[in-house]
K.L.:
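One structure, pasted below without further comment.
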2 protein chains.
Amino acid sequence: MSLKYSKQRQAIWDFIEHRTDHPTADTVYSNVRKNMPNISLGTVYRNLVLLKDTGRLKALDVGDGVVHFDPCITPHDHFVCRCCGRIIDLPDTGTQEAVLGVQAATGGRVDERRSYYYGLCGSCVENRGLMN
Amino acid sequence: MSLKYSKQRQAIWDFIEHRTDHPTADTVYSNVRKNMPNISLGTVYRNLVLLKDTGRLKALDVGDGVVHFDPCITPHDHFVCRCCGRIIDLPDTGTQEAVLGVQAATGGRVDERRSYYYGLCGSCVENRGLMN
DNA sequence: ATAATTATGATAATAGTTACTGTTTTCGAA
DNA sequence: TTCGAAAACAGTAACTATTATCATAATTAT
């Protein structure tokens, strides 16, 4: 899989590189479009998949029907707020023992673990009842 | 949310109740249809959501673009095979401490945790290179 | 039995994503 | 520095999973 440079991909990367809010393809699209008005949505999708397939991004499926992307590729977990939908980075809560246990139990091989914690985030707890 | 009996919902439940393979709406549809040929796909979706919203099913988003349903509602984790796509039940690998830690770190409230282990399942490890 | 409520089948609509196509850009080699 | 193959692009069509609509039918409380 040999990639060639493109300013579109660069712009996508520049946008997402330091984000911690796990944007969707559409969010990336509408933001990148501010500086590059005729980039196409297909290009955004294509490049996000490409960046994922080359290990620069991770995709998150939290259950809201949209794929979110995460430029932080070191192992960590996520908190998903059921109220505001925010996805917040957490430290890695997994253990090596659990992985080994899973492998022993299934006879398979684990190469990744993803954990999602669902609930109300800090600010939604504070505002409980005031907003939704 | 008051439910009325329907033989369609009953048939859907009868099909999925003891399944451990986490079928999708479409799988439920094509199976229930064998005995109830003119049940509609919309009815299947509506009832799966209803069963989920009333706590009889859980939905799984493993990243394959389709929602899977799980009739086992006690806390447990899942193994997702990257090769054959199978989703295999695992024991709960989470800890109370991790949940408390997440709550402390975020100031939020956790009501659920979902962990997915990805890799090759036992039989795909055995057949590595022979099938895909 | 009746009326209110809920569910249904059939179908249309939506949303997110992927595929196609003809043109443009990139980049290694001549 | 040009040339040509490979890769990427914009624009758009197509696809898939899911949800919404609506007129009719089944269920259930009175």
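The structure displayed is predicted, hence computed values, not measured ones. A note on names: the letters A, B, ... follow the listed sequences, proteins ahead of strands, and every chain is numbered from 1.
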K.L.:
Nearest whole angstrom, please: distance from the C1' of C:dG16 to the CG of B:D61.
P.N.:
14 Å
K.L.:
Looking at B:Q8, I'd like to know whether one of its side-chain N or O atoms comes within less than 4.0 Å of OP1 or OP2 on D:dA26.
P.N.:
no
K.L.:
Among C:dT6, D:dA8, C:dT17, find the nucleotide with the atom closest to the side chain of B:K4.
P.N.:
C:dT6
K.L.:
Hey, are A:Y29 and A:T43 close enough side-chain-wise for a donor-acceptor pair under 3.5 Å?
P.N.:
no
K.L.:
Would you mind reading off the distance between B:K7 atom NZ and D:dT28 atom P, rounded to a whole angstrom?
P.N.:
12 Å
K.L.:
Nearest-Å distance, CG (B:D64) to C1' (D:dC15)?
P.N.:
16 Å
K.L.:
Please determine, for the side chain of A:L3, which listed nucleotide (D:dA8, D:dT18, C:dT17) has the closest atom?
P.N.:
D:dA8
K.L.:
Rounded to the Å, how far apart are B:F69 CZ and D:dA17 P?
P.N.:
13 Å
K.L.:
Does B:T24 put a side-chain nitrogen or oxygen below 4.0 Å from OP1 or OP2 of D:dA17?
P.N.:
no
K.L.:
Out of D:dA8, D:dT19, C:dC27, which has the shortest distance to the side chain of B:V49?
P.N.:
D:dT19
K.L.:
So, B:Y117 versus B:T93: side-chain donor-acceptor pair below 3.5 Å or not?
P.N.:
yes
K.L.:
Please state how far atom CD in B:Q10 lies from atom P in C:dT8, giving the value in whole angstrom units.
P.N.:
12 Å
K.L.:
Measure from the side-chain heavy atoms of B:V66 and tell me the nearest of D:dA10, D:dT18, D:dT27.
P.N.:
D:dT18
K.L.:
I'd like to know if the side chain of B:R114 reaches the main chain of B:D61, judged simply by a donor and an acceptor atom lying under 3.5 Å from each other, with no hydrogens or angles considered.
P.N.:
no
K.L.:
How long is the line joining CH2 of A:W13 and P of D:dA8, in whole Å?
P.N.:
16 Å
K.L.:
Please state how far atom CG in A:D53 lies from atom C1' in D:dA7, giving the value in whole angstrom units.
P.N.:
15 Å
K.L.:
When the distance from OH of A:Y29 to P of D:dT12 is rounded to whole Å, what number comes out?
P.N.:
11 Å
K.L.:
Do any of residues 34-47 of chain A sit with a heavy atom less than 4.0 Å from DNA chain D, and if so which?
P.N.:
A:N38, A:I39, A:S40, A:T43, A:R46, A:N47
K.L.:
Would you tell me whether B:H78 and B:H22 have side-chain atoms, one donor and one acceptor, within less than 3.5 Å of each other?
P.N.:
yes
K.L.:
Any salt bridge linking B:E112 with A:R82? Criterion: basic side-chain nitrogen under 4.0 Å from a carboxylate oxygen.
P.N.:
yes
K.L.:
Are any of the side-chain nitrogens in B:D77 or B:R113 under 4.0 Å away from the carboxylate oxygens of its partner?
P.N.:
yes
K.L.:
Does a donor on one side chain and an acceptor on the other come within less than 3.5 Å for B:D89 and B:H76?
P.N.:
yes
K.L.:
So which one's nearest nucleotide on DNA chain D is more toward 5', B:Y5 or B:V67?
P.N.:
B:V67
K.L.:
Any side-chain N or O of A:S6 less than 4.0 Å from the OP1 or OP2 oxygen of D:dC9?
P.N.:
yes
